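In this text the structure is predicted, and so the values were computed from the model without any measurement. Worth knowing before you read on, the calculation uses all heavy atoms, side chains too, and leaves out hydrogens, waters and symmetry mates.
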Amino acid sequence: MSALTPPPVPPAPPVPPAGPSDAATLPYGTAPLMAAPGDTGYADSASAYGPAAPAYGSVHGAAPVPWTPPVAAPQNVLAWVAFGLGLGALMLGPISSIAAIVCGHIARAQIRRTGEQGAGAALTGLIFGYVLTIGMGLAIVLYVLFIVAIFAGAAYSSGVPTSL
């Protein structure tokens, strides 16, 4: 050091961290405010090399995005109609089960095209529709065969020849 150069300036003392009484208390459920761009919360954040880089994953200056619940796809109404008609076929008969089959196929095509929910209801309506239609058709055929067998048996046992 020469006599003409001044001595180096000592570094500034570090700023003590804020104590618990200095910290702002926020009500439960409110988000803390975002810091200003380039502000890391330390007094010596700006150095001779430029402003300090933000922390990993932080975005300074952007407002926080509020949480929104996920939105589910809407339900296909025709799928639930097929479900109701399929179950109603137990009481209403084959007309309801045939309508359940038609509505179920249309609903499944719509669900594939639009991505709506209700594929399970449409499939259940189809299954009930097919099973009950086949079951009722089989019951009608067996009933007719039973009636024919009764008349054929009565004609055979009476001794009168018939052309049945």
Side-chain angles (χ1 to χ4, degrees), residues 17-18 20-42 45 51-164:
S21 62
D22 296 337
T25 57
L26 298 173
Y28 181 77
T30 58
L33 298 174
M34 299 296 290
D39 184 18
T40 60
Y42 298 106
S45 65
Y56 179 76
S58 66
V59 179
H60 291 295
V65 178
W67 181 82
T68 56
V71 178
Q75 294 281 333
N76 187 299
V77 176
L78 199 57
W80 291 102
V81 169
F83 180 78
L85 287 171
L87 291 179
L90 290 170
M91 292 185 292
L92 301 176
I95 300 296
S96 177
S97 62
I98 293 170
I101 293 170
V102 171
C103 289
H105 281 293
I106 294 171
R108 285 177 55 104
Q110 288 176 354
I111 289 169
R112 275 189 238 111
R113 189 179 69 243
T114 62
E116 293 175 320
Q117 292 183 348
L123 184 63
T124 304
L126 274 173
I127 291 170
F128 271 105
Y130 276 120
V131 168
L132 293 174
T133 299
I134 292 169
M136 286 182 222
L138 187 61
I140 290 171
V141 168
L142 289 176
Y143 180 73
V144 169
L145 289 176
F146 179 71
I147 297 297
V148 168
I150 287 177
F151 283 122
Y156 179 74
S157 65
S158 66
V160 177
T162 61
S163 62
L164 187 75

Gap separating the CG atom of Leu123 from the CD1 atom of Ile111, nearest 0.5 angstrom: 9.5 Å
Enclosure of Leu90 CG (heavy-atom neighbours >12, cutoff 6.0 Å): yes
Minimal non-hydrogen separation, Ala100 against Gly129, with atom names: CB-CA, 4.4 Å
For Phe128, all residues meeting ring pair (Phe, Tyr, Trp, His ring centres under 6.0 Å), sequence neighbours excluded: none
side-chain hydrogen bond (donor to acceptor under 3.5 Å, both in side chains), paired with Asn76, selected from Gln110, Arg108, Gln117: Gln110
Interatomic distance, Leu78 atom CG to Ile106 atom CD1 [nearest 0.5 angstrom]: 6.0 Å
Euclidean distance, Ile98 CD1 relative to Leu85 CG, rounded to 0.5 Å: 11.5 Å
Shortest non-hydrogen contact from Ala73 toward Gly115: CB-O, 3.7 Å
For Ile147, side chain to side chain contact (heavy atoms under 4.5 Å, CB included) partners two or more places apart: Tyr143, Phe151
Over all atoms of both residues, closest heavy-atom pair of Phe83 and Ala121: CB-O, 3.7 Å
Thr133: partners by side chain to side chain donor-acceptor pair (under 3.5 Å), with sequence neighbours left out: Ser97
Exercise: identify the closest heavy-atom pair between Gly104 and Ala82: N-CB, 3.5 Å
Gap between atom OG1 of Thr124 and atom CG of Leu87 - 0.5 Å precision: 8.0 Å
Distance (rounded to the nearest 0.5 Å) between Ile150 CD1 and Phe146 CZ: 3.5 Å
Value rounded to 0.5 Å, distance of NE2 in His105 from CG in Leu126: 4.5 Å
